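Everything numeric here is computed off the predicted structure, so don't read it as measured data.
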Amino acid sequence: SSLHSRGTHACGFARVLPFVPERRSPLAPGAAMAEVEADDVPPGPSIDVASIEMAPAGECAFDESFSLRMTFSTDTALENFRWRLLYTVDTSKRRKIIELGETEATVYYPGVHAMDFALPRFDVAGVPEDVRAQMNGLLTAVLTGPAGEEAMTVNMVTQIYVRDGALMRFIYNPLD
């Protein structure tokens with residue numbers, strides 16, 4: 001199983017929804033649907049995520065270290081792109097996005113590549129109480145270009161809960 005993106009966005013939801021690449025219609029306002037052929041796809045790089053490895057790979061303490069390795073391929077050179085990792089949660093008041101970090105900007109030539117990201121620990125002290133109180137969140141890895149353009153987003157559903165008085169986390173791998 002793999003994630004695939006052509007164009008600007010792709011989303012994979014583990015055990016929630018099957019992966020379906022977003023297809024944007026190139027129609028101009030008022031154009032007839034019959035004018036568009038079924039195989040028309042939006043412009044942009046074609047990116048396939050072949051594997052995702054996370055450590056720890058299952059339930060763990062919320063503040064435990066975290067590492068992510070993704071192998072992916074692109075058919076287009078992506079100059080000065082980096083992977084940004086974000087944690088998003090909807091609270092009763094508003095959506096909150098916590099920036100976890102990013103990889104170094106690099107040039108990804110057409111072919112197969114690996115991305116590695118690590119956090120020594122999730123800092124519970126820096127997470128607002130209303131965010132910790134939410135049971136479900138979304139960890140995203142966003143392949144971002146030098147001008148902020150997003151080539152691909154990989155979504156990983158995250159559950160946060162209390163077990164035996166300890167704050168725990170579980171991140172679902174969208175390729176499992």
Side-chain angles (χ1 to χ4, degrees), residues 3-25 29 42-45 47 49 52-70 72 78 80-106 115-176:
L3 297 178
H4 174 79
S5 168
R6 178 171 275 298
T8 57
H9 296 283
C11 302
F13 286 95
R15 301 177 191 154
V16 176
L17 297 173
F19 171 73
V20 178
E22 182 178 311
R23 296 178 65 88
R24 295 192 182 189
S25 172
I47 301 168
V49 175
I52 298 174
E53 299 171 23
M54 291 181 275
E59 178 184 76
C60 65
F62 180 82
D63 61 354
E64 190 168 327
S65 66
F66 172 74
S67 67
L68 174 67
R69 179 178 181 82
M70 288 194 301
F72 65 97
L78 303 170
N80 297 314
F81 275 67
R82 67 194 185 288
W83 287 92
R84 296 175 44 232
L85 272 84
L86 310 167
Y87 181 70
T88 304
V89 65
D90 289 322
T91 68
S92 61
K93 296 178 183 173
R94 63 186 176 140
R95 173 169 286 175
K96 294 196 177 179
I97 300 172
I98 299 169
E99 294 189 18
L100 301 175
E102 62 186 39
T103 62
E104 293 289 325
T106 190
M115 172 279 253
D116 290 293
F117 178 82
L119 283 176
R121 64 185 299 247
F122 273 81
D123 185 9
V124 178
V127 179
E129 182 60 37
D130 57 343
V131 171
R132 285 185 282 172
Q134 297 302 311
M135 293 183 58
N136 296 308
L138 197 60
L139 176 65
T140 57
V142 184
L143 183 58
T144 307
E149 67 276 22
E150 296 178 358
M152 179 166 196
T153 298
V154 177
N155 293 323
M156 293 160 272
V157 173
T158 304
Q159 291 184 328
I160 297 174
Y161 48 93
V162 176
R163 174 164 294 152
D164 300 325
L167 192 61
M168 307 295 288
R169 76 168 190 254
F170 188 97
I171 302 171
Y172 291 93
N173 186 329
L175 297 183
D176 285 348

Could you please spell out the steps behind the side chain to side chain contact (heavy atoms under 4.5 Å, CB included) verdict for Leu139 and Leu68?
-> CA-CA 11 Å; Leu139 176 65; Leu68 174 67; 5.7 Å; no
Set of residues satisfying ring-ring contact (aromatic ring centres under 6.0 Å, His included) with respect to Phe72, sequence neighbours excluded | Trp83, Tyr108, His113
Distance in Å, Lys96 NZ paired with Asp90 CG, rounded so as to fall on 0.5 Å steps | 11.5 Å
Any chance you could measure Thr144, atom OG1, to Phe81, atom CZ, to the nearest 0.5 Å?
-> 8.0 Å
Who passes side chain to side chain contact (heavy atoms under 4.5 Å, CB included) against Ile97, sequence neighbours left out?
-> Leu86, Thr88, Arg95
Partners meeting salt bridge (charged side-chain N to carboxylate O under 4.0 Å, His left out) with Arg82 (sequence neighbours left out) = Glu102
Decide side chain to side chain contact (heavy atoms under 4.5 Å, CB included) for Met54 and Tyr172; before the verdict, give the C-alpha distance in whole Å, the side-chain angles of both, and the deciding distance to 0.1 Å.
-> CA-CA 9 Å; Met54 291 181 275; Tyr172 291 93; over 6 Å; no
Shortest non-hydrogen separation from Ile52 to Asn173 and the atoms involved = O-ND2, 2.8 Å
Taking all non-hydrogen atoms of both residues into account, name the closest pair between Arg121 and Asp63 and its distance.
-> CB-O, 3.0 Å
Contacts of type ring-ring contact (aromatic ring centres under 6.0 Å, His included), residue Phe117, not counting sequence neighbours = none
With sequence neighbours left out, what residues match Glu59 under side chain to side chain contact (heavy atoms under 4.5 Å, CB included)?
-> Tyr161, Arg163, Met168, Phe170
Report yes if some heavy atom in the side chain of Leu143 is under 4.5 Å from a heavy atom in the side chain of Met115; otherwise report no.
-> no
May I ask you to decide if Leu138's main-chain N or O and Asn155's side chain share a donor-acceptor pair within less than 3.5 Å?
-> no
Here the pair of heavy atoms bringing Tyr87 nearest to Gly137 is OH-CA, 3.4 Å
Closest non-hydrogen atom pair between Ser65 and Pro120, with its separation = CB-O, 3.0 Å
side-chain hydrogen bond (donor to acceptor under 3.5 Å, both in side chains) involving Asp116 - partner list, sequence neighbours excluded | Arg69
If you take all heavy atoms of Arg169 and Glu64, which pair is closest and at what distance?
-> NH1-O, 2.9 Å
Could you tell me which non-hydrogen atom of Met70 sits nearest to which non-hydrogen atom of Ala141, and how far apart they are?
-> CE-CB, 3.8 Å
